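Comments concern the structure below.
The model shown is predicted, which means the values in this text are computed figures rather than measured ones.
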Amino acid sequence: MKTMAFGTVGEVFVLLQGNLAPSDEDWNLYLDAWTAHFEGRTRTRTLIVTDGSAPSPAQWQRMMTHRISSFFSLPGKICVVTESTFVRGVINGMDTPVLNPFNGQYQVFARGQILDALRALDASPVEQRAAVALVDQLRQMLGKS
């Protein structure tokens with residue numbers, strides 16, 4: 001069973017997570033896809049839409065030691081769209097330099113604010129429409145409505 005799905009719209013990497021924790025297999029695929037997408041780029045822009053799941057401590061550690069770490073020095077933004085107080089707490093807890101080299105790059109939005117999140121990522125109107133459509137496709141892939 002897939003626990004997360006992802007895709008890209010222009011420069012924006014879009015990740016959808018349900019309410020189940022990511023499987024290790026899905027997490028590793030995500031890390032590889034994220035890294036491949038941003039290879040050679042000068043900034044990172046990521047939209048995460050989650051119903052409440054977050055990476056486990058072991059998955060977070062794997063991200064810190066993965067090739068993804070070479071991107072920590074790039075300017076970037078990560079917008080998280082969620083209603084989950086758990087996810088909001090995780091983000092607030094990790095948004096410190098000791099725990100997260102992406103410190104200060106996170107912004108959290110309510111579920112109905114996906115367009116606000118995309119604007120915060122500097123997505124063009126065309127990218128915004130395409131990203132909303134992609135989120136709908138990814139939800140279908142995970143069996144979510």
Side-chain angles (χ1 to χ4, degrees), residues 1-72 74-95 99-102 104-145:
M1 173 181 185
K2 288 194 68 62
T3 56
M4 57 195 306
F6 45 83
T8 61
V9 172
E11 286 188 359
V12 179
F13 191 95
V14 179
L15 170 64
L16 180 77
Q17 296 176 291
N19 54 4
L20 299 175
S23 69
D24 286 338
E25 179 183 0
D26 286 348
W27 185 253
N28 292 336
L29 290 171
Y30 158 68
L31 291 178
D32 290 342
W34 193 95
T35 304
H37 176 69
F38 288 111
E39 195 73 47
R41 297 184 192 264
T42 58
R43 66 178 178 167
T44 64
R45 297 186 294 158
T46 304
L47 175 69
I48 300 172
V49 179
T50 178
D51 291 338
S53 72
S56 70
Q59 289 168 337
W60 186 253
Q61 181 60 38
R62 222 168 23 256
M63 184 172 77
M64 295 296 108
T65 59
H66 188 271
R67 285 186 327 160
I68 204 170
S69 63
S70 65
F71 295 90
F72 294 159
L74 290 180
K77 294 180 183 177
I78 302 167
C79 291
V80 181
V81 177
T82 189
E83 293 298 323
S84 169
T85 54
F86 170 73
V87 171
R88 289 171 182 265
V90 167
I91 291 168
N92 288 334
M94 18 177 256
D95 207 14
L99 298 176
N100 180 8
F102 285 117
Q105 296 182 10
Y106 285 92
Q107 289 181 266
V108 182
F109 297 84
R111 187 170 182 171
Q113 297 178 311
I114 192 166
L115 289 175
D116 294 328
L118 288 161
R119 283 190 283 273
L121 291 170
D122 303 321
S124 71
V126 171
E127 288 175 319
Q128 291 172 31
R129 286 189 297 277
V132 168
L134 177 58
V135 167
D136 289 342
Q137 288 175 324
L138 297 175
R139 281 196 173 284
Q140 290 175 3
M141 287 174 60
L142 292 183
K144 303 284 180 189
S145 56

Rounded to the nearest 0.5 Å, what separation is found between the [atom1] atom of [X] and the [atom2] atom of [Y]?
{"X": "Ile78", "Y": "Thr44", "atom1": "CD1", "atom2": "OG1", "value": "6.0 Å"}
{"X": "Asp122", "Y": "Cys79", "atom1": "CG", "atom2": "SG", "value": "9.0 Å"}
{"X": "Ile48", "Y": "Met4", "atom1": "CD1", "atom2": "CE", "value": "8.0 Å"}
{"X": "Ile114", "Y": "Arg119", "atom1": "CD1", "atom2": "CZ", "value": "11.0 Å"}
{"X": "Gln128", "Y": "Asp116", "atom1": "CD", "atom2": "CG", "value": "9.0 Å"}
{"X": "Phe109", "Y": "Leu47", "atom1": "CZ", "atom2": "CG", "value": "9.5 Å"}

Under the side-chain contact (heavy atoms from CB on, under 4.5 Å) test, which residues partner Ser53, sequence neighbours left out? Gln17, Pro22, Thr50

Quick one: salt bridge (charged side-chain N to carboxylate O under 4.0 Å, His left out) pairs with a partner in residues 15-24, sequence neighbours left out? Asp24-Arg62

How would you list all residue pairs meeting salt bridge (charged side-chain N to carboxylate O under 4.0 Å, His left out) that involve residues 3-15, not counting sequence neighbours? Glu11-Arg43, Glu11-Arg45

Validation row: Arg41, Phe38 side chains within 4.5 angstrom (heavy atoms): yes

Side chain to side chain, Val132 and Leu118, heavy atoms closer than 4.5 Å: yes

Please report the shortest heavy-atom distance between [X] and [Y], naming the atom on each side.
{"X": "Ala120", "Y": "Gln107", "result": "CB-OE1, 3.6 Å"}
{"X": "Ala110", "Y": "Glu83", "result": "CB-OE2, 3.3 Å"}
{"X": "Asp51", "Y": "Ser84", "result": "O-CB, 4.2 Å"}
{"X": "Leu134", "Y": "Gly7", "result": "CD2-C, 3.7 Å"}
{"X": "Phe6", "Y": "Asp26", "result": "CE2-O, 4.4 Å"}
{"X": "Val135", "Y": "Val14", "result": "CG2-CG1, 3.8 Å"}

Side-chain donor/acceptor of Gln59 to backbone N/O of Ser56, under 3.5 Å: yes

Keeping the roles fixed (side chain from Gln61, backbone from Ala58), state whether a donor-acceptor pair exists under 3.5 Å. no

Going through the checks in order, is the side-chain contact (heavy atoms from CB on, under 4.5 Å) test met by Glu25 and Asn28? CA-CA 5 Å; Glu25 179 183 0; Asn28 292 336; 6.0 Å; no

Step by step, work out the side-chain contact (heavy atoms from CB on, under 4.5 Å) result for Val49 and Leu15. CA-CA 6 Å; Val49 179; Leu15 170 64; over 6 Å; no

